[in-house]
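The shown structure was predicted, so the numbers you read here are calculated from the model rather than taken from an experiment. Below, chains carry the letters A, B, ... as their sequence lines are ordered, and counting in each starts from 1.
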Amino acid sequence: MAENNKLERYNPAEVEKRWQQQWDAQRVFDVDENSTKPKYYLLEMFPYPSGRLHMGHVRNYSIGDTLARLKRMRGHNVLHPMGWDAFGMPAENAAIANKTHPAKWTYENIDYMRGQFKKMGFSYDWRRELATCDVSYYRWEQLVFVKMWGKGLVYRKNTTVNWCDKCQTVLANEQVEDGKCWRCDSEVQQKQMYGYFFRITDYAEELLEWTHKLEGWPERVLTMQRNWIGKSYGAEIDFPIEGRDDAIKVFTTRADTLFGSTFMSLAPEHPMAIELSTGTAQEQAVKDFVDRVGRQSFADRADEKQKEGVFTGAYALNPVNGKRIPIYAANFVLMDYGTGAVMAVPTHDQRDFEFARQYGLELVEVIVGPDGPIGESNMTEAYTNYGTLVNSGRFDGMTSDDAKKAIPAWLEEQGKGKQTINYRLRDWGISRQRYWGAPIPMVHCEKCGLSPVKPEDLPVALPLDAELPTTGGSPLPLLDEWVNTTCPVCGGPAKRETDTMDTFVESSWYYARYACPDYDQGPLDPERTNYWMPVDQYVGGIEHAVLHLLYSRFYTKVLRDMGMIKADEPFQNLLTQGMVIKDGAKMSKSKGNVVDPDEMVGRYGADTVRLFSLFAAPPERDLEWSDQGVEGAHRFLNRLWRLGLAVVDSAAGVKAYESGELSPTLDDLHRKTHETIKKVTEDAERFQFNTAIAALMELVNQVSLVEQDESLAGDPQRAAVLREAVEATVTMLSPMAPHITDELWNRLGYDGLLLEAQWPVWDDQALAKAEKQVVFQINGKVRGKAMLPADADDETLKQTALGDAKVAKFIGEKPVKKVIVVQGKLVNIVI
RNA sequence: GCGAGAGUGGCGGAAUUGGUAGACGCGCUGGACUUAGGAUCCAGUCCUUCGGGGUGGGGGUUCGAGUCCCCCCUCUCGCACCA
């Protein structure tokens with residue numbers, strides 16, 4: 001339709017601001033538990049308040065917000081909260097660099113980012129906002145810590161830990177990636193230190209079991225967690241040490257090869273390595289070796305392809321045949337796994353084979369495959385397959401499978417070993433030698449030792465008047481006034497623990513606290529928590545597959561076992577969204593390919609940015625940022641705006657189409673409207689926002705054609721059908737682009753907000769077509785098409801196909817062998 | 001090495017149970033309107049010798065394969081001396 005009078009231009013800045021104020025004023029995002037609707041808890045991983053949002057955040061939260069709004073429109077009582085993962089290193093670094101305080105820096109960032117969230121139009125219940133650095137939050141974490149101490153779920157030990165020198169702190173195993181610090185990427189070293197540990201290994205079995213029940217999680221994440229937990233079935237076997245009363249315990253998954261064990265290998269950190277060599281000629285050699293290997297970083301040691309070791313001077317006795325075997329310390333044995341000692345079977349383990357060849361150690365073949373014995377001297381590599389036992393005394397002739405049970409059972413009768421299960425998972429080291437974290441509520445007393453702070457004396461508030469040393473360390477040990485306290489047991493002088501907790505502890509339970517952020521009687525208000533938990537849909541990055549997502553699962557189970565929560569698992573369904581990339585690489589300052597959300601929102605408005613980030617790729621996949629693609633999304637909204645206003649104009653006072661005869665063009669649009677409702681509804685349920693948006697674009701394209709069709713000028717149903725189409729479009733687009741749609745909805749004559757409107761329902765009758773296109777194939781290739789009545793029977797379809805001119809041309813003189821008819825779709829003629 | 005996932009136009013990506021490959025968008029080409037347009041609207045846009053041929057390569061199942069099966073190649077991610 002010609003634009004005779006100037007239509008008002010789409011001005012996102014003005015429209016978006018106005019509607020954000022409306023939503024705020026009407027408090028439409030507030031929710032409580034008093035609802036008859038089914039509850040739905042939608043949560044996105046909360047951000048670290050780094051300063052400003054990046055595109056990855058925008059994508060994550062746009063996906064989440066679309067789901068939250070959609071679920072609400074579809075009749076759920078939706079909890080959708082936001083908060084801040086506010087403790088952590090960057091605040092300390094920034095504070096030193098800017099000569100400010102981490103608290104000031106953090107809270108200023110929070111204020112700025114909250115503003116950015118509001119400008120995006122995200123539907124958060126801001127009454128529930130929390131920041132983990134608030135005492136009102138971490139005080140409850142300290143209480144849980146003290147209770148965990150009471151239950152033996154926390155302990156302190158002196159052990160080898162991962163140390164990041166740049167961050168000046170210890171890291172958990174999960175926080176070391178490829179031998180490097182997960183935050184700053186610098187090489188991680190091994191260091192002997194005291195630290196607190198959460199006994200996550202107590203829950204290894206349950207954590208593993210539930211990975212088979214979390215049907216709403218991506219298989220990828222579950223597999224990663226299973227591998228991380230690393231359950232393996234095997235045996236623990238005691239090897240007595242020659243000339244001593246004690247024994248060295250080994251773990252093996254191949255007890256069937258026990259008779260072939262001709263030496264033993266210890267991890268360099270194994271306490272026996274030094275002890276056994278003391279006083280022997282090997283003493284100095286072992287010390288040198290342990291010292292040298294021990295100083296190598298994780299990564300360096302893993303890179304070491306060369307098997308290397310040193311004889312300790314001592315011998316062990318193979319418990320099954322009394323064979324005297326030398327004990328070595330070896331660089332490839334991990335103290336972390338099993339018992340730190342390995343029964344070496346060079347014939348059937350490749351590492352042991354290489355080691356044996358290097359040091360001239362004995363080989364005894366005890367497993368024979370279908371091709372018969374290889375012969376020790378012929379072996380060029382270890383035979384690691386299962387087979388039949390030989391040279392194994394009473395077990396000769398047994399299969400590996402049977403022997404793996406029979407040998408440990410036999411050992412157990414004699415008290416020399418047993419079948420066992422080993423996990424790769426280690427306890428979670430939560431001590432951080434940092435300032436900006438929740439203080440660990442423990443006290444050191446010279447008389448009484450280590451005691452937890454009494455619950456009634458909590459919280460142990462982090463002193464905020466600290467000045468950060470420029471060296472990068474924690475100021476806490478220097479704060480005498482804070483450190484000096486009294487012993488909770490004897491009342492005498494004592495010192496506070498100066499380690500703080502890993503920030504992953506805070507993020508391990510924030511989701512539950514959102515149910516009751518104001519509760520002051522304990523960590524969680526049982527009633528509200530159990531109403532909302534578990535989270536129905538969690539949305540976040542894959543990078544937390546074994547960090548946050550494993551810790552949270554553990555912590556939920558701990559809280560459950562303390563009676564604080566009923567849920568077994570925190571997150572029912574998990575959506576892991578892909579990264580935002582530009583020019584083929586993840587956006588980063590160093591690559592110079594960063595797109596700033598503020599700038600984009602300033603230029604195009606939040607609706608455009610949201611729409612593009614949903615349209616450009618399905619959620620789980622990486623999204624390639626494209627400035628031209630953003631333009632495209634913006635064009636679409638402009639188009640919708642113009643058509644919307646045109647319909648507002650021409651269909652004022654007209655109701656959306658309900659019934660009555662329609663001319664063919666209008667009937668097509670009416671049908672398209674209902675097809676689109678069906679498609680968008682189904683796609684959105686499956687999180688396929690990209691195709692949902694594509695469907696809406698198609699509908700808008702068709703509206704545009706009808707709107708311009710002058711032959712319909714006098715059609716009495718024109719306005720009603722156009723209104724129906726535009727209303728459906730606006731309603732269904734509103735979860736993705738909430739501002740422009742509320743504005744158009746309002747101009748279409750509705751007072752309320754789309755968030756509170758009814759999601760459209762498609763009419764199956766409207767979908768029915770009188771005629772359907774049927775495809776004619778010959779040998780599977782399309783040779784013709786025709787419009788036929790939708791209810792035409794198979795025989796009619798067949799005859800029409802055979803009668804088709806093009807089809808006849810292709811058949812020619814050849815005999816028709818077979819005809820396949822698919823109702824209402826195609827006819828395939830085989831010749 | 002082990003495990004998981006993915007290979008479709010110039011690009012991002014569609015194709016829900018095997019049934020018209022390339023929806024939608026970007027880009028590009030042409031046109032309309034216009035003083036002008038990087039606004040808007042319309043048309044076209046996989047290749048083609050016009051017979052056909054096309055979803056990383058090769059084989060198979062089927063009336064019919066992007067989709068199912070087997071082999072191979074490439075890429076991404078995770079784990080990586082786990083005894």
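Out of B/C24, B/G3, B/A83, the shortest distance to the side chain of A/M697 is found at B/C24. When distances run from any side-chain atom of A/A616 to the nucleotides B/A14, B/G12, B/C42, the shortest one goes to B/G12. Closest to the A/Q708 side chain, of the nucleotides B/C42, B/C63, B/A83, is B/C42. Of the listed nucleotides (B/C42, B/C82, B/A23), B/C82 has the atom at the smallest distance from the side chain of A/R351.
Glycosidic torsion of B/G58 falls outside 90° of 0, placing the base in anti.
At a threshold of 4.0 angstrom between heavy atoms, the contacts of A/V775 include nucleobase atoms, whether or not backbone atoms are also involved. Residue contacts shown for A/N701 are limited to sugar-phosphate atoms, with no base heavy atom under 4.0 Å away. Residue contacts for A/G632: at a heavy-atom cut-off of 4.0 Å it reaches the sugar-phosphate backbone alone, with no base atom in range. Within 4.0 Å (heavy atoms only), A/L705 reaches sugar-phosphate atoms of the nucleic acid but no base atom.
In this structure, CD of A/E710 is placed 13 Å from C1' of B/C41, rounded to the nearest angstrom. Atom CD of A/E219 and atom P of B/G5 are 8 Å apart (whole Å).
Distance alone, capped at 3.5 Å, places no donor-acceptor pair between the A/D352 side chain and the A/A382 backbone.
Ion pairing of A/D256 with A/K404 is absent here, as no side-chain N (NZ or NE/NH1/NH2) approaches a carboxylate O to less than 4.0 Å.
For B/G1, the paired nucleotide is B/C79, the pair qualifying as Watson-Crick or G-U wobble because both relevant distances are below 3.5 Å. Applying the Watson-Crick and G-U wobble criteria (two distances, each under 3.5 Å), B/C28 pairs with B/G44.
Judged by the 6.0 Å distance and 45° axis criteria, A/K231 is not positioned over the aromatic ring of A/Y423.
Using bins of under 30°, 30° to 60° and over 60° for the plane-to-plane angle, the ring pair A/W625/A/F612 lands in the perpendicular bin.
No hydrogens or angles were tested; on distance alone, nothing pairs the side chain of A/K817 with the base of B/C63 as donor and acceptor under 3.5 Å.
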